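Worksheet for the structure shown next.
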Amino acid sequence: MKQYVVLQVVLKEKLIGAGSGNLTELERVINAQAAKGYRLHTISTTSSGSKGLMAGGDRIQATMFFERE
């Protein structure tokens, strides 16, 4: 019987420059599930716009579906 885990991680984009400021957090979550025997089945992302100059940049929500036998 397969088992599933669904996790959401909110990433904050850098205010200046390109690329996420915390992709290591995403890697940490994926590697933690892999250590438990789960494999990443699907990842979906949703982006929300910045709330203004002082808000610190855009937010990306990553929803990950993991499975194991």
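From a predicted model like this one, the values you see are computed outputs, not experimental measurements.
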Counting only pairs under 3.5 Å, give me each side-chain donor-acceptor contact of residues 34-45, with atom names and distances, residues two or more places apart or in other chains.
residue, atom, partner, partner atom, Å
Arg39, NE, Glu67, OE2, 3.3
Arg39, NH2, Glu67, OE2, 2.4

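- At a threshold of 4.5 Å between side-chain heavy atoms, the hydrophobic network of Ile, Leu, Val, Met, Phe, Trp and Tyr places Val5 and Ile30 in one connected group.
- Checked against side chain to side chain donor-acceptor pair (under 3.5 Å), Gln3 has the following partners two or more places apart in sequence or in another chain: Arg68.
- Residues passing the side-chain contact (heavy atoms from CB on, under 4.5 Å) test with Glu27 are Thr24, Asn31, sequence neighbours excluded.
- The other residues sharing a hydrophobic cluster with Val6 are Phe65, where clustering joins ILVMFWY side chains under 4.5 Å apart.
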